[in-house]
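Single-structure report; data block below.
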Amino acid sequence: QVQLVESGGGLVQAGGSLRLSCSASGRTFGLDAMGWFRQAPGKEREFVAAISWTVGIPVYADSVKGRFAISRSSAPKSWYLQMNSLKLEDTALYYCASDLGGSASRDETRYRYWGQGTQVTVSS
């Protein structure tokens, strides 16, 4: 089994920055697809960013391209979301997700493992 734990959320003013972290534990060998999704109140969960552990090429939602950056680390197996120039519309519960093999997918159904989420609130 795999457990994912997010951290780094909080309250920030518009234009500010936050860095989210996701740490994987358990049977992490073989985890490849690593993603971030978010869900704002009253909206469906949406893709934010993803990266393949082996390939390392990130993909982003158009709404965050140029402002957010996803990266990964191996000690322990973790990935991060650096969020800059935050906007009010970035307010959401942010989830990290992962799966064995595969690639950096925008499709949430491609991810088997999910964290509990960390809240990001952007204020004016």
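Heavy atoms only: backbone and side chains are in, while hydrogens, waters and symmetry mates are out.
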Open item on the list: How long is the straight-line distance from CD1 of Ile51 back to CH2 of Trp79, given to the nearest 0.5 Å?
Closed with: 11.0 Å
Open item on the list: Are more than 12 heavy atoms, taken from residues, nucleotides or ligands other than Glu44, located less than 6.0 Å from that residue's CD atom?
Closed with: no
- [ ] Search all heavy atoms of Val122 against all heavy atoms of Leu88 and return the closest pair with its distance.
- [x] O-CD2, 3.3 Å
TODO: For residues 51-62, pull every pair meeting salt bridge (Lys or Arg N to Asp or Glu O under 4.0 Å), keeping only residues two or more places apart or in separate chains.
DONE: Asp62-Lys65
Open item on the list: Is any side-chain heavy atom of Ile70 closer than 4.5 Å to one of Tyr80?
Closed with: no
- [ ] Please list, chain by chain and in numerical order, all residues satisfying salt bridge (Lys or Arg N to Asp or Glu O under 4.0 Å) with Arg72, sequence neighbours excluded.
- [x] none
TODO: Find the distance between CH2 (Trp36) and OH (Tyr95) and round it off to the nearest 0.5 Å.
DONE: 12.0 Å
Open item on the list: Check for me, please, whether Leu81 and Leu93 land in the same ILVMFWY cluster - side-chain distances under 4.5 Å, paths through other members count.
Closed with: no
- [ ] Apply the test side-chain contact (heavy atoms from CB on, under 4.5 Å) to residues Thr28 and Trp53: give CA-CA distance (whole Å), side-chain angles for both, the deciding distance (0.1 Å), then the verdict.
- [x] CA-CA 11 Å; Thr28 62; Trp53 181 261; over 6 Å; no
- [ ] For Gln39 and Tyr94, indicate whether the former's side chain and the latter's backbone hold a donor-acceptor pair under 3.5 Å.
- [x] no
Can I get a per-line list of side-chain donor-acceptor pairs under 3.5 Å for residues 8-26, giving both atom names and the distance, sequence neighbours left out?
| unit_1 | atom_1 | unit_2 | atom_2 | d |
| --- | --- | --- | --- | --- |
| Ser17 | OG | Asn84 | OD1 | 2.9 |
| Ser25 | OG | Gln3 | OE1 | 3.4 |

Open item on the list: For Gln1, is there any backbone N or O sitting under 3.5 Å from a side-chain donor or acceptor partner on Tyr113?
Closed with: no
Open item on the list: Please list all pairs meeting salt bridge (Lys or Arg N to Asp or Glu O under 4.0 Å) that have one or both residues in residues 22-39, counting only residues at least two apart or in different chains.
Closed with: Arg38-Glu46, Arg38-Asp90
Open item on the list: Ignoring hydrogens, what is the shortest heavy-atom contact between Ser52 and Ala104? Give both atom names and the distance.
Closed with: N-CB, 3.7 Å
- [ ] With sequence neighbours left out, write down each residue that passes ring-ring contact (aromatic ring centres under 6.0 Å, His included) with Phe37, or none if nothing qualifies.
- [x] Phe47, Tyr111, Trp114
Task: Qualifying salt bridge (Lys or Arg N to Asp or Glu O under 4.0 Å) pairs with a residue from residues 112-124, counting only residues at least two apart or across chains - done: Asp99-Arg112
TODO: Begin with the C-alpha distance, continue with both residues' side-chain angles, and end with the deciding distance and a verdict on side-chain hydrogen bond (donor to acceptor under 3.5 Å, both in side chains) for Asp107 and Ser105.
DONE: CA-CA 5 Å; Asp107 182 358; Ser105 176; 5.2 Å; no
- [ ] Could you tell me whether the side chain of Val120 reaches within less than 4.5 Å of the side chain of Met83, counting heavy atoms only?
- [x] yes
Open item on the list: Closer than 3.5 angstrom, by distance alone: can the side chain of Arg110 be matched with the main-chain N or O of Ser98 as a donor-acceptor pair?
Closed with: no
